There are 2 protein chains.
Amino acid sequence: MISFTIRQMEYFEALAQVGHFGRAAAQVGVTQPALSAQIAEMEQRLDCQLFERGGRAVRLTEPGRQLQPRIERLLNELRDLGSIAQRGRSAMQGRFRLGIIPTVAPYLLPGLLPELRAHYPGLEVELREAITGTLMEETVSGRLDGFVAALPIDQPRLMWEEVFSDRFLLALPKDDPELTSPPVQPESPVLERMMLLEDGHCMREQALAVCGKVRPVAMANYSATSLTTLLHMVAHGHGVTLIPEIAAKADKAAGDLKIVPFADPSPMRRICLAWRVNSSRHDECRKLAEIIRAIAASGSAQKHGDQPDPHAGERQVAERENRAAVPKSI
Amino acid sequence: MISFTIRQMEYFEALAQVGHFGRAAAQVGVTQPALSAQIAEMEQRLDCQLFERGGRAVRLTEPGRQLQPRIERLLNELRDLGSIAQRGRSAMQGRFRLGIIPTVAPYLLPGLLPELRAHYPGLEVELREAITGTLMEETVSGRLDGFVAALPIDQPRLMWEEVFSDRFLLALPKDDPELTSPPVQPESPVLERMMLLEDGHCMREQALAVCGKVRPVAMANYSATSLTTLLHMVAHGHGVTLIPEIAAKADKAAGDLKIVPFADPSPMRRICLAWRVNSSRHDECRKLAEIIRAIAASGSAQKHGDQPDPHAGERQVAERENRAAVPKSI
DNA sequence: TCTTCCCATAATTTATTCTTATGATCAGTT
DNA sequence: AACTGATCATAAGAATAAATTATGGGAAGA
């Protein structure tokens, strides 16, 4: 395959413009033989003349004339490359591939995306909704820049910052007679009718942990694919379920339900933004975490209280907390 | 200004694809440190990371991701360059800038252009109609590839091939009573009413030469800008003029005139195709001359007889034939 | 903790490309 | 016609750039 060096093309460009070896050489800052040699090599490689010598000016031959506009365009593109790269250099610019778990996405994104678009127009957020295990794998391998999920995130190659904590509430059919006293106790028999998301969702595990000793056996094979579906099922009297506080506020389906808090210490999940420990976007991720934190504190997703129990979120998964189990179970 | 070498970009391309220094190096056929060094230099020049190391794969950073499509496009364009140049290499391809004198152009081109378009679709003929002096200057300086004009072309840096010879006839008003015997003698008093093209046209000089001793003084300030105009003026009885045989055949204005041949040896002009002696298109010019010759022999422009008098065309300019005078006088 | 894998660094060799010096050719001039 | 100045090509040596082999450090996985 025939190809030229950039230097050759620069010399070609100069010579085509100036039409004089000596002056072209001066223009590019070399001596005339240097330029001559490079042009000669180009011609030799193509096995055809690019310039017509003789007379008082050097002229392009037809092959040379074909080449000229191409070479000029190429050189100009090349000269742009530096600034192209700089464009992606400053923080909060370019494409950011963000993963979010399905039980957070619909409640966080409506607040987050407009905020990002308004403050960082140069940032293109590319979203991926998947369960924690998938997001971890994709982030570690570099297909994602970071993801939002529930703690614990236990992968030595990932690091995270907590962005908000999210209490779990109990959702019952509006006309359910069972519950009378508002704070649900962890031993309440109503938990036996708990409905779960399908396997892989961290909220499934978290719900099971809330139930504690009470086994919600009956509902095992009715597991739902999304939280909204689950809420609709509850509204139709198929059982009860756990609903995160952000969903209780934002999901329309919650309007048809009776939402009851748990007795203190309320179970909760702690949501974090996670990224690779050696990510080149470390600073951007920290900034993004800060933004999500601010949104959660004020907007569609809300941070829980002023003095969150630092251990409340871990209670329900304490017995499962070990590194090997995490990738699949969350 | 920041710029990269082609090698660097090739390494970048490979590394971005493969995500592994060692394998990328193998792919481009160098050792790993060589590739490492070039990538490092790119990053150093930009003062920003292009790849994120660590983990089992090397990933593009955001600046790197911005750069990647540009670099790939650039490399592909570069790879095309060779074939681009080859395109203009074969004969009768690309743009050919052809000059023609005004007293030939309208009669030769209708035959020539379709012929060229049919046989050499890759040839773009760019035309320039001007007087011989201009065409010579522009060809010598490289703005034209060649031109069609009347001999003599006496410029040491140009060479030419005769393509056809073209007899001069006398054009008179249709009802002009003067001439009775068909062959016009060079001493005929009718020549005193000769009308001329404006200065610079070679046919002006040629007409003057035909007149010989007879000075067409009266008509000097009525000189016309084109042969057709001249013929119209003759048709309206303003005088007589010389008409080349190709024009007599092709020009509509000739229908309104009485066309009379000269007595042997008939004056004529010899038309040639000329080009730079060191033109890169030498072969193409010779071929083009051949084509014009064929067209003249059969089509709209016709070669004169079987045995053209080799000196007939030079007779009328013999006294002016010297190098210094030619550029202006033809 | 140990091993393995992977990239960076160092020292040296090899290739490339420059510069200076000089030669050949051609256009314009004496 | 021979000279002169200009112009591009060529040659040899010097400088630069980029390759290779050898080696080191650090993170990932067993």
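The structure displayed is predicted, hence computed values, not measured ones. Each chain gets a letter, A, B and so on, in the order its sequence line appears, and its residues count up from 1.
Between B:P33 and B:R7, the residue anchored closer to the 5' end of DNA chain C is B:P33, taking for each the nucleotide with the nearest heavy atom. Taking for each of A:A40 and A:V277 the nucleotide of DNA chain D with the nearest heavy atom, the 5'-most of the two is the partner of A:A40.
Atom CD in A:E10 sits roughly 13 Å away from atom P in C:dT17 (whole-Å rounding). Following rounding to the nearest Å, A:Q49 (CD) and D:dC8 (P) show an atom-to-atom distance of 13 Å. The distance from atom CD of A:E41 to atom C1' of D:dA9 is 15 Å, rounded to the nearest whole Å. In this structure, B:Q38 places its CD atom 5 Å from P of D:dA18, rounding to the nearest Å. Note: CD (B:Q32) to C1' (D:dG25) measures 13 Å, nearest angstrom. Rounded to a whole Å, the CD1 atom of B:I6 is 15 Å from the C1' atom of D:dA17. Between the CD atom of B:E52 and the P atom of C:dC6 there is a distance of 17 Å, rounded to whole Å. Distance CD (A:E43) to P (D:dT10): 11 Å, rounded to an integer number of Å.
We find the CZ-CZ distance between B:R59 and B:R65 to be 10.5 Å, quoted to the nearest 0.5 Å.
Axis angle across the helix from C:dT1-D:dA30 to C:dT30-D:dA1, with five pairs used at each end and values rounded to 10°: 20°.
Counted within 6.0 Å of CZ on B:R97, heavy atoms from surrounding residues, nucleotides or ligands total more than 12; the atom is thus considered enclosed.
Applying the 4.0 Å criterion to OP1 and OP2 of C:dT19, one finds that A:T31 has a side-chain N or O inside that range. Taking only side-chain nitrogens and oxygens, A:Y11 comes nearer than 4.0 Å to OP1 or OP2 of C:dC18. The side chain of A:R157 contributes an N or O atom lying less than 4.0 Å from OP1 or OP2 of D:dG29. Contact annotation: A:S36 side-chain N/O to D:dA9 OP1/OP2 distance is under 4.0 Å.
Legend: residues meeting side chain to side chain contact (heavy atoms under 4.5 Å, CB included) with B:S280, ordered by chain and number and at least two apart, are A:E52, A:T61. A search for side chain to side chain contact (heavy atoms under 4.5 Å, CB included) contacts involving A:A16 returns A:F12, A:F51, A:L60, A:Q68, not counting sequence neighbours. Among residues two or more places apart in sequence or in another chain, the side-chain hydrogen bond (donor to acceptor under 3.5 Å, both in side chains) test is passed with A:E124 by none. Partners of B:R128 by side chain to side chain contact (heavy atoms under 4.5 Å, CB included), not counting sequence neighbours, listed by chain and number: B:A130, B:T134, B:L135, B:E138, B:L144.
Residue A:F51 is out of contact with every strand shown, counting any heavy-atom pair closer than 4.0 Å.
Counting heavy atoms from C-beta outward, A:F4 and A:Q38 have side chains that stay 4.5 Å or more apart. Residues A:I101 and A:R269 form a side-chain contact, since some pair of their non-hydrogen atoms from C-beta on lies under 4.5 Å apart.
One finds no salt bridge joining A:E77 and B:R70 here, because no Lys/Arg side-chain nitrogen approaches an Asp/Glu carboxylate oxygen to under 4.0 Å. With salt bridges taken as basic N to acidic carboxylate O contacts below 4.0 Å, none links B:K287 and B:E284.
Taken residue by residue, residues 14-29 of chain A places no heavy atom nearer than 4.0 Å to DNA chain C.
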